[in-house]
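This report refers to the structure that appears directly beneath it.
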Amino acid sequence: MAHTPRRVTTALAATGLLTAASLTLVTEPSSAQASPAPSAPRAAGTLHAAPYEYLGWGNPQKPTDVMAATGVKWFTLAFILSDGGCNPKWDGSRALKGGSDEAAINSIRGAGGDIVVSVGGWSGNKLGEKCTSAAALAGAYQKVIDAYKLKAFDIDIENTEFSNATVRQRVVDALKIVKQKNPGIVTYVTMGTTPNGPDATGKDLIKRGAAAGLANDAWVIMPFDFGGHSGSMGQATVSALDGLKAAVKSAYGYGDTDAFKHIGVSSMNGKTDEADETVTTGDFKTILGYAQQHHIARFAFWSVNRDRACGSGGDGDACSGVPQQPYDFTKIVAQYGG
């Protein structure tokens, strides 16, 4: 998959090159906080609809403003990385406790929402590689879970963490330990995809999960940066999700209904990193329809930070690259109730 703006910036964060100013949460002007028309369908805000927001770069909006404007209640906060060893920190550099990240989490919960924490991404030092055993990796994951008393946890497995079979197995085995130590915790494994579903490496990861007896709540694909596709991005996403469902059904022996309940999608709004890819609100409505029809486990996207039009000098971490009103994409995701 391509080096997306999000992943390049994660690398900067991991090396401490982001300034303190970049951690400032932006309060959108009042026009950005306008609620959708009363006739717009709206879910009450559930774990199933948890878009990504990154607080360490990309001019992040204040999460409580996003909640008020869109009805979304859950966020997936990215990313937890290695600090160089088998120890978790935000973007590899910010402590779990006592900083701006914890303050933002407290504000979300104070407004009636909650969070999924995402570990990994494309760039930076990965815990799956720096922790040399499944037990050690599970211990690093547990530090994050304990810090925030998490109900849900996402492993965004990409790049060399994804391509290394030993590391894939380590992540699976660590998640199984996490499941055993934290009854009821919801776990997601998020990976890249082709327009026809997971590639051979992705299918291998799912098969490893099934063979290990990992009761993962959802295998999630990122249907963008395909390297070529046909039709709309919405149609390509549906095709990819059908392929994911088939892979999960085959590996775990689920029936169709249960297979759908164990898959999810994390799209990317607006312009992706490839010239032939633009994900529109129409595409998001296509994905929403699929999710509602099949009751998939998760509808997320990259990202809240990008859910606004670009001004002069806008960058791909902080705007969508397409004409839109603030939060047009988040408002669609917020309609998903599971």
Side-chain angles (χ1 to χ4, degrees), residues 4-6 9 22 24-46 48-55 57-78 104 107-108 111-113 222-224 232-237 265-275 277-292 298-337:
T4 68
R6 63 165 172 157
T9 313
S22 68
T24 303
L25 294 173
V26 176
T27 302
E28 290 287 340
S30 57
S31 62
Q33 298 178 34
S35 297
S39 60
R42 179 85 64 79
T46 72
H48 303 287
Y52 285 81
E53 186 170 19
Y54 32 99
L55 303 180
W57 73 97
N59 206 16
Q61 305 94 325
K62 189 176 178 182
T64 50
D65 287 352
V66 181
M67 295 168 73
T70 67
V72 76
K73 293 287 183 66
W74 284 76
F75 295 87
T76 304
L77 299 184
S107 74
I108 292 167
M222 297 179 287
F224 53 87
S232 72
M233 286 296 284
Q235 291 167 335
T237 297
V265 60
S266 181
S267 187
M268 186 174 183
N269 64 306
K271 297 284 189 183
T272 74
D273 307 292
E274 299 189 5
E277 293 184 359
T278 298
V279 185
T280 67
T281 53
D283 294 323
F284 264 46
K285 289 174 183 175
T286 296
I287 299 168
L288 174 63
Y290 184 97
Q292 291 172 329
R298 177 164 165 82
F299 183 7
F301 78 101
W302 191 271
S303 63
V304 171
N305 303 63
R306 303 180 74 253
D307 198 3
R308 50 195 166 191
C310 295
S312 59
D315 70 83
D317 289 320
C319 59
S320 65
V322 298
Q324 66 159 102
Q325 294 302 308
Y327 306 131
D328 277 350
F329 291 88
T330 302
K331 288 175 182 178
I332 295 169
V333 172
Q335 294 172 31
Y336 187 53

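Predicted model, so just to flag it, every value in this text is computed and none were measured.
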Would you call E53 and P63 a side-chain contact if the rule is heavy atoms closer than 4.5 Å?
yes

Those residues that, when tested against T330, pass side-chain contact (heavy atoms from CB on, under 4.5 Å) (two or more places apart):
P51, V66, T70, V72, F301, V304, D307, Y327

Determine yes or no for a side-chain-to-main-chain donor-acceptor pair under 3.5 angstrom, with N269 supplying the side chain and S303 the backbone.
yes

Nearest heavy-atom contact between G321 and C310 is N-SG, 3.3 Å

Pairing residues for A111 by the side-chain contact (heavy atoms from CB on, under 4.5 Å) criterion, not counting sequence neighbours:
T64, M67

Nearest 0.5 Å, what's the CG-NZ distance between L55 and K62?
13.0 Å

Shortest non-hydrogen contact from A318 to G58?
CB-O, 3.6 Å

Using a 4.5 Å cut-off on heavy atoms from C-beta on, say whether the side chain of N59 contacts that of N305.
no

Could you measure the distance from the CG atom of L288 to the OG atom of S267? Nearest 0.5 Å is fine.
12.0 Å

Point-to-point distance, once rounded to the nearest 0.5 Å, from OH of Y336 to CD1 of I287:
12.0 Å

Interatomic distance, K285 atom NZ to Q335 atom CD [nearest 0.5 angstrom]
8.0 Å

State, without any angle test, whether D283 and T286 hold a side-chain donor-acceptor pair at a distance under 3.5 Å.
no

For the backbone of S320 and the side chain of R308, can you confirm whether one donor and one acceptor N or O come within less than 3.5 Å of each other?
no

Compare every heavy atom of A49 with every heavy atom of A334, then report the nearest pair and how far apart it is.
CA-CB, 4.5 Å

Contact check, side chains of K73 and I108, non-hydrogen atoms, under 4.5 Å
no

Would you indicate whether the side-chain heavy atoms of M233 and F224 approach each other to under 4.5 Å?
yes

Taking the six-membered ring for Trp, is the centroid-to-centroid distance between Y54 and W302 below 6.0 Å?
yes

Verdict with reasoning, T278 to V322, per side chain to side chain contact (heavy atoms under 4.5 Å, CB included):
CA-CA 8 Å; T278 298; V322 298; 3.7 Å; yes

Under the rule for ring-ring contact (aromatic ring centres under 6.0 Å, His included), what residues qualify as partners of F329, not counting sequence neighbours?
F284

Could you walk me through whether K331 and Q325 satisfy the side chain to side chain contact (heavy atoms under 4.5 Å, CB included) test, starting with their C-alpha distance in whole Å, then the side-chain angles of each, then the deciding distance to 0.1 Å, before giving a yes or no?
CA-CA 11 Å; K331 288 175 182 178; Q325 294 302 308; over 6 Å; no

Determine yes or no for a side-chain-to-main-chain donor-acceptor pair under 3.5 angstrom, with Q235 supplying the side chain and S232 the backbone.
yes

If every non-hydrogen atom of Q324 is compared with every non-hydrogen atom of R306, which pair is closest and at what distance?
OE1-O, 4.0 Å

